[in-house]
Amino acid sequence: VEELGISDKVIFAGAKKDVYKYYNAMDFFLYPSRYEGLPGTVVEAQASGISCLISDSICEEVVLTDLVKTKALSDGVEDWADECIKMMDIPEGRQSSGDGETGDAQSSTAEASDMQPSADDTDALLAKRRQYAKKVYDAGFDVTLQAQKFTRFYEGGKYE
(Lines give C-alpha, C1' and ligand atoms only; values in the text may rest on other atoms or scores of the structure.)
Protein backbone atom coordinates (compact mmCIF):
# COMPACT_ATOMS: atom_id res chain seq x y z
CA VAL A 1 0.00 0.00 0.00
CA GLU A 2 2.80 2.38 0.88
CA GLU A 3 4.78 1.44 -2.25
CA LEU A 4 1.72 2.24 -4.37
CA GLY A 5 1.20 5.54 -2.58
CA ILE A 6 -2.37 4.74 -1.55
CA SER A 7 -2.00 4.46 2.23
CA ASP A 8 -4.34 7.43 2.67
CA LYS A 9 -7.05 5.46 0.80
CA VAL A 10 -6.73 2.03 2.47
CA ILE A 11 -7.73 0.94 5.94
CA PHE A 12 -6.50 -2.32 7.46
CA ALA A 13 -9.24 -2.82 10.04
CA GLY A 14 -7.97 -6.11 11.48
CA ALA A 15 -10.23 -8.83 12.90
CA LYS A 16 -13.68 -7.51 13.74
CA LYS A 17 -16.61 -9.01 15.63
CA ASP A 18 -19.04 -6.54 14.07
CA VAL A 19 -18.28 -7.26 10.42
CA TYR A 20 -21.95 -6.81 9.49
CA LYS A 21 -21.48 -3.07 10.04
CA TYR A 22 -18.84 -3.01 7.31
CA TYR A 23 -21.09 -4.90 4.89
CA ASN A 24 -23.94 -2.51 5.67
CA ALA A 25 -21.66 0.40 4.71
CA MET A 26 -20.71 -1.15 1.34
CA ASP A 27 -22.21 -0.27 -2.00
CA PHE A 28 -20.41 -2.98 -3.96
CA PHE A 29 -18.19 -6.02 -3.36
CA LEU A 30 -15.25 -6.56 -5.70
CA TYR A 31 -13.34 -9.84 -5.39
CA PRO A 32 -10.66 -10.29 -8.08
CA SER A 33 -9.00 -13.25 -6.39
CA ARG A 34 -6.73 -15.65 -8.27
CA TYR A 35 -7.19 -18.64 -5.94
CA GLU A 36 -9.98 -19.36 -3.48
CA GLY A 37 -11.92 -22.22 -2.05
CA LEU A 38 -15.32 -21.14 -0.85
CA PRO A 39 -14.87 -17.52 0.29
CA GLY A 40 -17.27 -16.77 3.12
CA THR A 41 -16.89 -13.05 2.45
CA VAL A 42 -18.69 -13.38 -0.89
CA VAL A 43 -21.49 -15.31 0.81
CA GLU A 44 -21.72 -12.68 3.55
CA ALA A 45 -21.83 -9.89 0.95
CA GLN A 46 -24.74 -11.62 -0.80
CA ALA A 47 -26.55 -12.11 2.50
CA SER A 48 -26.18 -8.35 3.02
CA GLY A 49 -27.78 -7.66 -0.36
CA ILE A 50 -24.60 -6.34 -1.98
CA SER A 51 -23.87 -6.81 -5.69
CA CYS A 52 -20.62 -8.71 -6.21
CA LEU A 53 -18.17 -8.93 -9.10
CA ILE A 54 -15.83 -11.88 -8.55
CA SER A 55 -13.19 -13.61 -10.61
CA ASP A 56 -14.17 -16.72 -12.52
CA SER A 57 -11.42 -18.65 -10.74
CA ILE A 58 -13.59 -18.83 -7.61
CA CYS A 59 -15.75 -21.92 -7.24
CA GLU A 60 -19.27 -21.63 -8.65
CA GLU A 61 -20.78 -22.88 -5.38
CA VAL A 62 -20.29 -19.40 -3.92
CA VAL A 63 -22.83 -17.96 -6.35
CA LEU A 64 -26.01 -18.27 -4.28
CA THR A 65 -28.01 -15.31 -5.63
CA ASP A 66 -28.43 -13.14 -8.69
CA LEU A 67 -26.23 -10.52 -7.01
CA VAL A 68 -23.03 -12.19 -8.25
CA LYS A 69 -21.38 -11.85 -11.63
CA THR A 70 -18.09 -13.51 -12.54
CA LYS A 71 -15.38 -12.11 -14.78
CA ALA A 72 -12.06 -13.40 -16.06
CA LEU A 73 -9.00 -11.74 -14.58
CA SER A 74 -7.51 -11.72 -18.07
CA ASP A 75 -10.21 -9.22 -19.12
CA GLY A 76 -8.07 -6.45 -17.64
CA VAL A 77 -8.52 -3.60 -15.22
CA GLU A 78 -10.49 -1.34 -17.57
CA ASP A 79 -13.06 -4.06 -18.31
CA TRP A 80 -13.41 -4.80 -14.60
CA ALA A 81 -13.91 -1.10 -13.85
CA ASP A 82 -16.48 -0.80 -16.65
CA GLU A 83 -18.37 -3.82 -15.30
CA CYS A 84 -18.37 -2.35 -11.78
CA ILE A 85 -19.81 0.91 -13.10
CA LYS A 86 -22.44 -0.97 -15.08
CA MET A 87 -23.42 -3.20 -12.15
CA MET A 88 -23.61 -0.25 -9.78
CA ASP A 89 -25.72 1.63 -12.32
CA ILE A 90 -23.69 4.81 -11.94
CA PRO A 91 -25.10 7.52 -14.22
CA GLU A 92 -22.90 8.84 -17.02
CA GLY A 93 -20.83 11.79 -15.80
CA ARG A 94 -20.77 10.63 -12.17
CA GLN A 95 -17.88 8.19 -12.55
CA SER A 96 -14.61 8.96 -10.83
CA SER A 97 -12.06 10.81 -12.89
CA GLY A 98 -9.27 8.87 -11.20
CA ASP A 99 -8.26 11.73 -8.92
CA GLY A 100 -10.86 10.94 -6.28
CA GLU A 101 -13.34 13.45 -7.68
CA THR A 102 -16.48 12.59 -9.57
CA GLY A 103 -16.88 13.79 -13.11
CA ASP A 104 -19.66 16.11 -11.93
CA ALA A 105 -17.55 17.90 -9.33
CA GLN A 106 -19.61 21.09 -9.73
CA SER A 107 -22.58 19.55 -7.88
CA SER A 108 -24.06 21.89 -5.31
CA THR A 109 -24.61 21.04 -1.68
CA ALA A 110 -28.33 20.90 -2.39
CA GLU A 111 -27.78 18.28 -5.09
CA ALA A 112 -25.57 16.26 -2.76
CA SER A 113 -28.23 16.32 -0.05
CA ASP A 114 -30.77 15.11 -2.62
CA MET A 115 -28.60 12.00 -3.00
CA GLN A 116 -29.09 11.03 0.67
CA PRO A 117 -31.44 8.04 0.99
CA SER A 118 -34.93 8.73 2.26
CA ALA A 119 -36.52 6.68 5.04
CA ASP A 120 -38.44 4.78 2.34
CA ASP A 121 -35.18 4.02 0.50
CA THR A 122 -33.59 2.81 3.73
CA ASP A 123 -36.61 0.57 4.47
CA ALA A 124 -36.46 -0.82 0.91
CA LEU A 125 -32.73 -1.53 1.29
CA LEU A 126 -33.31 -3.35 4.58
CA ALA A 127 -36.11 -5.40 3.03
CA LYS A 128 -33.85 -6.28 0.08
CA ARG A 129 -31.07 -7.33 2.44
CA ARG A 130 -33.45 -9.52 4.46
CA GLN A 131 -34.64 -11.13 1.22
CA TYR A 132 -31.09 -12.00 0.18
CA ALA A 133 -30.13 -13.17 3.67
CA LYS A 134 -33.05 -15.62 3.47
CA LYS A 135 -31.91 -16.82 0.02
CA VAL A 136 -28.42 -17.49 1.35
CA TYR A 137 -29.84 -19.25 4.42
CA ASP A 138 -32.20 -21.31 2.24
CA ALA A 139 -29.16 -22.32 0.16
CA GLY A 140 -27.75 -23.93 3.31
CA PHE A 141 -25.38 -21.25 4.57
CA ASP A 142 -26.19 -19.87 8.02
CA VAL A 143 -24.18 -16.63 8.06
CA THR A 144 -24.77 -15.99 11.76
CA LEU A 145 -23.64 -19.48 12.79
CA GLN A 146 -20.62 -19.27 10.49
CA ALA A 147 -19.64 -15.87 11.95
CA GLN A 148 -19.87 -17.31 15.48
CA LYS A 149 -17.66 -20.25 14.49
CA PHE A 150 -15.06 -18.00 12.90
CA THR A 151 -15.07 -15.73 15.95
CA ARG A 152 -14.44 -18.69 18.25
CA PHE A 153 -11.67 -19.90 15.93
CA TYR A 154 -9.88 -16.55 15.71
CA GLU A 155 -10.23 -15.85 19.41
CA GLY A 156 -9.43 -19.30 20.70
CA GLY A 157 -7.95 -21.24 17.82
CA LYS A 158 -10.74 -23.81 17.88
CA TYR A 159 -13.24 -24.32 15.07
CA GLU A 160 -16.27 -26.37 16.14
Side-chain angles (χ1 to χ4, degrees), residues 1-117 121-122 125-126 128-129 132-133 136 141 143-144 146-151 153-155 157 159:
V1 169
E2 287 182 21
E3 285 179 24
L4 294 173
I6 57 172
S7 58
D8 61 325
K9 295 176 178 21
V10 176
I11 297 170
F12 291 104
K16 297 290 180 190
K17 293 182 183 180
D18 57 355
V19 72
Y20 67 92
K21 292 179 182 177
Y22 290 86
Y23 286 109
N24 287 334
M26 291 181 193
D27 295 315
F28 193 78
F29 194 84
L30 182 66
Y31 206 79
S33 183
R34 291 183 186 144
Y35 315 101
E36 289 298 328
L38 180 71
T41 53
V42 177
V43 174
E44 291 168 344
Q46 291 173 83
S48 296
I50 302 166
S51 294
C52 307
L53 180 60
I54 66 173
S55 68
D56 62 358
S57 65
I58 297 172
C59 66
E60 63 187 39
E61 290 83 4
V62 78
V63 181
L64 303 172
T65 69
D66 59 350
L67 291 169
V68 179
K69 182 166 183 175
T70 61
K71 189 157 191 57
L73 289 172
S74 61
D75 287 347
V77 174
E78 292 82 11
D79 285 346
W80 274 73
D82 288 344
E83 190 63 39
C84 289
I85 290 168
K86 185 168 50 171
M87 287 178 72
M88 291 176 67
D89 197 25
I90 299 173
E92 196 64 36
R94 297 292 303 175
Q95 293 99 5
S96 173
S97 61
D99 59 3
E101 299 294 325
T102 60
D104 189 11
Q106 301 301 320
S107 295
S108 68
T109 304
E111 289 172 338
S113 66
D114 288 343
M115 294 174 62
Q116 297 300 318
D121 291 339
T122 301
L125 177 62
L126 290 173
K128 175 185 168 191
R129 290 186 172 183
Y132 280 107
V136 169
F141 197 96
V143 176
T144 303
Q146 218 38 47
Q148 291 169 350
K149 288 181 177 183
F150 280 123
T151 298
F153 173 78
Y154 286 117
E155 289 179 350
Y159 185 83

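When a residue number appears, it is its place in the shown sequence, counting from 1.
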Requested in this report: State the CD1-CG distance between I50 and N24, to the nearest 0.5 angstrom.
Outcome: 7.0 Å

Report summary line: Output for pair (M87 CE, L30 CG), nearest 0.5 Å, gives 9.5 Å

Query - Inter-residue atom distance L67.CG - F28.CZ, 0.5 Å rounding - result: 10.0 Å

Query raised in the report: About how many Å separate OG of S74 and CG of D56, when rounded to the nearest 0.5 Å?
Result: 7.0 Å

Requested in this report: Using the side chain to side chain contact (heavy atoms under 4.5 Å, CB included) rule, take V68 and I54 through it: C-alpha gap first, then chi angles, then the decisive distance, then the call.
Outcome: CA-CA 7 Å; V68 179; I54 66 173; 3.7 Å; yes

Query raised in the report: If every non-hydrogen atom of G37 is compared with every non-hydrogen atom of P39, which pair is closest and at what distance?
Result: O-CD, 3.3 Å

Query raised in the report: Taking only residues two or more places apart in sequence or in another chain, which ones pass side chain to side chain contact (heavy atoms under 4.5 Å, CB included) with L73?
Result: P32, R34, S55, W80

Query raised in the report: In Å, rounded to the nearest 0.5 Å, how long is the span from CD of E44 to OH of Y20?
Result: 13.0 Å

Report summary line: In short, V63 meets Q46 closest at the heavy-atom pair C-OE1, 4.1 Å

Query raised in the report: Going from NZ on K86 to NZ on K69, what distance comes out if it is rounded to the nearest 0.5 angstrom?
Result: 4.5 Å

Query - Atom of I58, atom of V62 and distance for their closest heavy-atom approach - result: CG2-CG1, 3.7 Å

Report task. State which residues pass side chain to side chain contact (heavy atoms under 4.5 Å, CB included) with V10; sequence neighbours excluded, sorted by chain then number. Result -> V1, I6, F12

